[in-house]
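Once you've had a glance at the structure underneath, I'll fire off some questions.
Hydrogens, waters and symmetry mates play no part in the numbers below; they use all other heavy atoms, side chains included. Residue numbering restarts at 1 for every chain, and letters A, B, ... go by the order of the sequence lines. What you are looking at is a predicted structure, and each value in this text was computed from that prediction instead of being measured.
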Amino acid sequence: NAGVMQNPRHLVRRRGQEARLRCSPMKGHSHVYWYRQLPEEGLKFMVYLQKENIIDESGMPKERFSAEFPKEGPSILRIQQVVRGDSAAYFCASPDASGNTIYFGEGSWLTVV
Amino acid sequence: AQSVTQLDSQVPVFEEAPVELRCNYSSSVSVYLFWYVQYPNQGLQLLLKYLSGSTLVKGINGFEAEFNKSQTSFHLRKPSVHISDTAEYFCAVRQDSSASKIIFGSGTRLSIRP
């Protein structure tokens with residue numbers, strides 16, 4: 001994963017609760033991507049963030065989902081009032097020093113019961 | 001906009017046989033191309049990438065891929081597979097711009113039979 005850290009690895013939430021997923025990019029880097037992988041599917045782009053700035057949020061659902069990357073601390077993907085359909089693996093990614101190659105974290109598996 | 005098509009959702013292969021996983025892309029601009037591997041319940045690991053230069057790129061675990069601009073393809077190959085190669089393989093494309101997202105294909109599940 002080349003230093004992209006995600007936590008928690010596994011998260012269980014009841015319907016209606018909030019889920020918060022955290023991601024720290026490769027050391028010294030200030031850009032992160034968030035992707036979602038539904039069961040038996042590929043990865044879908046959600047949002048691309050720079051510290052204190054959202055660069056591209058074209059893949060984010062319009063409601064209940066938000067993402068931030070503050071000046072200090074990790075990037076956070078927040079899902080409010082979770083539903084069963086939010087159950088998925090959420091991956092964070094970070095570009096390397098050249099900015100050309102993107103490396104992924106180990107993922108956070110969200111299960112909504 | 002870019003898109004990626006992986007023509008085969010599943011590829012069964014016998015151990016020690018060669019394999020090719022197909023990938024085609026579409027884009028109106030220059031792109032970078034990638035193959036990632038995902039083992040069950042794990043994250044994505046970069047297998048190889050094409051950024052520029054030689055069209056034949058070699059990656060980890062004995063895999064290689066060839067960029068063919070005229071056919072807009074980036075097929076992944078391995079001359080002899082091992083049981084441990086059983087995984088999901090994703091082809092991906094990214095516009096050659098530092099501010100662009102990476103677009104994935106739907107994946108190909110490679111299953112190796114003994």
Inset, instruction - Give the cluster check for B:Tyr39 versus B:Val13: same hydrophobic cluster or not, with ILVMFWY residues linked at side-chain heavy-atom distances below 4.5 Å. - result: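 Yes, one cluster joins them.
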Legend entry - Interatomic distance, A:Leu43 atom CG to B:Glu88 atom CD [nearest 0.5 angstrom]: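 Rounded to the nearest 0.5 Å, the CG-CD separation comes out at 10.0 Å.
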Legend entry - Region of A:Gln37 in contact with chain B, defined by heavy-atom distances below 4.5 Å: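 The answer is the side chain of A:Gln37.
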Inset, instruction - Count the heavy atoms belonging to other residues, nucleotides or ligands that lie under 6.0 Å from CD of A:Gln81, then report whether that count exceeds 12. - result: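 Atom CD in A:Gln81 is not crowded, with 12 or fewer foreign heavy atoms closer than 6.0 Å.
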Inset, instruction - State, with a plain yes or no, whether a side-chain heavy atom of A:Thr101 is found less than 4.5 Å away from one of B:Phe34. - result: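 In short, these two side chains touch, coming nearer than 4.5 Å.
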Inset, instruction - Evaluate whether atom CZ of B:Arg109 has more than 12 neighbouring non-hydrogen atoms of other residues, nucleotides or ligands under 6.0 angstrom away. - result: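 No, not enclosed.
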Legend entry - Cationic tip of B:Lys101 above A:Phe45 ring, under 6.0 Å, 45° of axis: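 Output yes; distance and angle both within limits.
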Inset, instruction - Please answer: with hydrophobic residues joined when any side-chain heavy atoms are less than 4.5 Å apart, are B:Leu46 and B:Tyr89 in the same cluster? - result: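 No, B:Leu46 and B:Tyr89 fall in different hydrophobic clusters.
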Legend entry - Portion of B:Ile102 that has a non-hydrogen atom of chain A nearer than 4.5 angstrom: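 Both the backbone and the side chain of B:Ile102 come within 4.5 Å of chain A.
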Legend entry - Greater than 12 external heavy atoms within 6.0 Å of A:Arg15's CZ: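 No, the 6.0 Å shell around CZ holds no more than 12 heavy atoms from other groups.
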Inset, instruction - Kindly indicate whether the side chain of A:Phe91, heavy atoms from C-beta on, has any atom under 4.5 Å from the side chain of B:Gln38. - result: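 A:Phe91 vs B:Gln38: side chains touch.
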Inset, instruction - Answer yes if B:Trp35 and B:Phe90 sit in the same cluster of Ile, Leu, Val, Met, Phe, Trp and Tyr residues linked by side chain heavy atoms under 4.5 Å apart, and no otherwise. - result: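 In one cluster with B:Trp35: B:Phe90, no.
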Inset, instruction - Assess the pair A:Tyr35 and B:Phe104: is the distance between their ring centroids shorter than 6.0 Å? - result: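 Judged by ring-centre distance (under 6.0 Å), A:Tyr35 and B:Phe104 do meet the cut-off.
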